[in-house]
Protein chains: 2
Amino acid sequence: MTKPTQADARRNRDLLLAAAREAFAEQGTEASLREVARRAGVGIGTLYRHFPTRDALLEALLDSNFQHLRARAASLLAAPDLAPHEALSAWLAEMTTGARTYTGLPESIMAALADEGSALHESCAAMRASAGELLVRAQNTGRVRSDVTVYEVIALALGLAWAAQQPGGTSDLVDRLLSTAMHGLTVAG
Amino acid sequence: MTKPTQADARRNRDLLLAAAREAFAEQGTEASLREVARRAGVGIGTLYRHFPTRDALLEALLDSNFQHLRARAASLLAAPDLAPHEALSAWLAEMTTGARTYTGLPESIMAALADEGSALHESCAAMRASAGELLVRAQNTGRVRSDVTVYEVIALALGLAWAAQQPGGTSDLVDRLLSTAMHGLTVAG
DNA sequence: ACCTGAACACCGTTCAAGT
DNA sequence: ACCTGAACACCGTTCAAGT
């Protein structure tokens with residue numbers, strides 16, 4: 001065996017990400033990291049070298065999702081023909097869809113929001129900021145209750161996403177619950 | 001050491017329940033069962049003899065809670081001066097309070113509802129039945145949306161209970177979210 | 001630099017051996 | 001009957017030894 005090159009390292013990183021995507025999809029965000037390393041055909045130490053925590057792995061895996069959510073918020077904020085409360089509603093639908101990518105992800109996100117040390121914190125805080133912009137604008141039109149906080153909206157949405165991914169949940173459950181929740185957030189008019 | 005008597009067995013059962021209550025309160029429903037046995041001062045085999053599954057232990061621990069919820073539903077259904085949708089709302093508030101007894105309990109309840117083999121299934125199904133009676137009556141008055149199912153109401157309420165017990169959640173969060181959710185379930189009038 | 005896997009301290013669960 | 005704890009097959013995480 002020759003000394004590992006930088007290209008080997010890069011390749012191992014990619015193998016680990018692919019393996020993690022598979023394992024998390026099958027078993028949720030709490031899937032065994034040993035199992036991930038095994039699937040990647042790599043030693044467990046190599047996994048820890050590339051991703052020192054589970055959240056670091058998750059962050060790398062979800063990067064494009066988070067980017068998409070930020071872009072989507074910007075585009076919804078700029079859409080001229082969309083009522084602000086409907087923009088909020090549309091964004092929340094996409095956010096919960098993303099949060100249901102892996103079983104256990106809503107929990108990881110809630111934890112990362114509260115833990116500044118998490119590798120997932122920055123992305124989640126940015127997500128919360130997007131929700132905040134959409135929420136405030138919708139509240140300013142008077143169509144969305146003014147006493148609701150961003151945290152409540154996020155917790156509500158992730159709570160529904162969580163419920164929908166429990167065993168027994170149907171695929172349309174999130175949409176139905178979210179529609180109910182949005183109705184609860186809006187003011188008659 | 002003499003042969004263990006029936007009284008010893010009974011005593012061990014009580015020690016295990018007290019230890020489990022403590023451990024679950026501190027660490028949630030996924031607390032180590034070895035830790036529970038250790039706290040009870042009993043061999044791990046003894047825990048498994050008395051409670052063959054984690055859900056069996058949980059069921060014994062929550063028995064009085066479930067009984068209380070059933071009684072409460074009956075009493076709310078019989079209250080003459082209470083609007084049916086308010087009875088539903090009041091019961092859901094108590095249900096979510098119960099579900100927040102231990103971190104992870106909302107998840108255990110959702111799982112038990114879907115798994116007929118769980119030792120917790122019967123109690124949870126009875127809980128769902130209580131919710132169903134209150135819901136149907138409230139729907140018959142026209143004040144609660146008729147297209148909502150019991151499962152959706154339970155999932156919604158447990159989702160909010162789950163969200164409120166994640167790190168970062170405040171103590172009044174459930175009440176606020178539940179009030180929003182109830183508003184979403186009701187029809188203007 | 002980067003990779004590996006043994007080592008440590010834990011789990012859940014079972015079951016032969018004890019009284 | 002009831003209790004015990006060793007045994008088995010797993011974890012997450014670290015770190016000395018290898019290239």
Parallel, tilted or perpendicular, judged at 30° and 60°: which one describes the rings of B:Phe24 and B:Tyr102?
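Correct class here is perpendicular.
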Going by distance alone, is a donor N or O of one side chain under 3.5 Å from an acceptor N or O of the other, for A:Asp55 and A:Ser118?
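A:Ser118 and A:Asp55 do have a side-chain donor-acceptor pair below 3.5 Å.
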Each nucleotide of nucleotides 1-9 of chain C classed B (base within 4.0 Å of a protein heavy atom), S (only sugar-phosphate) or -, in 5' to 3' order, makes -BBBBBB--
Rounded to whole angstroms, how far apart are CZ on A:Arg54 and P on D:dT13?
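For the pair A:Arg54 CZ and D:dT13 P, the rounded distance is 7 Å.
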Nearest-Å distance, CZ (B:Phe51) to P (C:dG12)?
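Going from B:Phe51 (CZ) to C:dG12 (P), I get 16 Å.
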So among B:Thr53, B:Leu57, B:Leu58, which one has a side-chain contact (heavy atoms from CB on, under 4.5 Å) with B:Leu120?
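It is B:Leu58; the other options fail the test.
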Could you give all pairs that pass the ring pair (Phe, Tyr, Trp, His ring centres under 6.0 Å) test and reach residues 66-85 of chain A, with sequence neighbours left out?
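Sorted result for residues 66-85 of chain A: empty, none.
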Would a single hydrophobic cluster contain both B:Ile44 and B:Leu15, if residues Ile, Leu, Val, Met, Phe, Trp and Tyr are joined by side-chain heavy-atom contacts under 4.5 Å?
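As far as the 4.5 Å side-chain criterion goes, B:Ile44 and B:Leu15 are not connected within one cluster.
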Side-chain (A:Arg54) to main-chain (A:Ala31) donor-acceptor, under 3.5 angstrom:
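Yes, A:Arg54 side chain to A:Ala31 backbone: donor-acceptor pair under 3.5 Å.
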Mind listing the side-chain donor-acceptor pairs of residues 152-161 of chain B below 3.5 Å, one per line with the distance, residues two or more places apart or on another chain?
residue, atom, partner, partner atom, Å
B:Glu152, OE1, A:Arg176, NH2, 3.3
B:Glu152, OE2, A:Arg176, NE, 2.4
B:Glu152, OE2, A:Arg176, NH2, 3.2

Give me each pair satisfying side chain to side chain donor-acceptor pair (under 3.5 Å) with a member in residues 156-166 of chain A, each pair once, sequence neighbours excluded.
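Applying side chain to side chain donor-acceptor pair (under 3.5 Å) to every pair that reaches into residues 156-166 of chain A, excluding sequence neighbours, yields A:Trp162-A:Gln166.
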Heavy-atom count check: over 12 atoms from other residues, nucleotides or ligands less than 6.0 Å from B:Glu122 CD?
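Counting neighbours around CD of B:Glu122, 12 or fewer heavy atoms of other residues, nucleotides or ligands fall under 6.0 Å, so no.
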Can you list, by residue number, the residues of residues 21-33 of chain A that have a non-hydrogen atom closer than 4.0 angstrom to DNA chain D?
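Hits under 4.0 Å, by residue number: A:Ala31, A:Ser32, A:Leu33.
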What dot-bracket string describes DNA chain C from 5' to 3', counting Watson-Crick and G-U wobble pairs whose defining distances are under 3.5 Å, with [ ] for crossing pairs and | for pairs to another strand?
||.|||||...|||||.||
Between B:Arg39 and B:Glu35, does any NZ, NE, NH1 or NH2 come within less than 4.0 Å of an OD or OE carboxylate oxygen?
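The answer is yes: the pair qualifies as a salt bridge.
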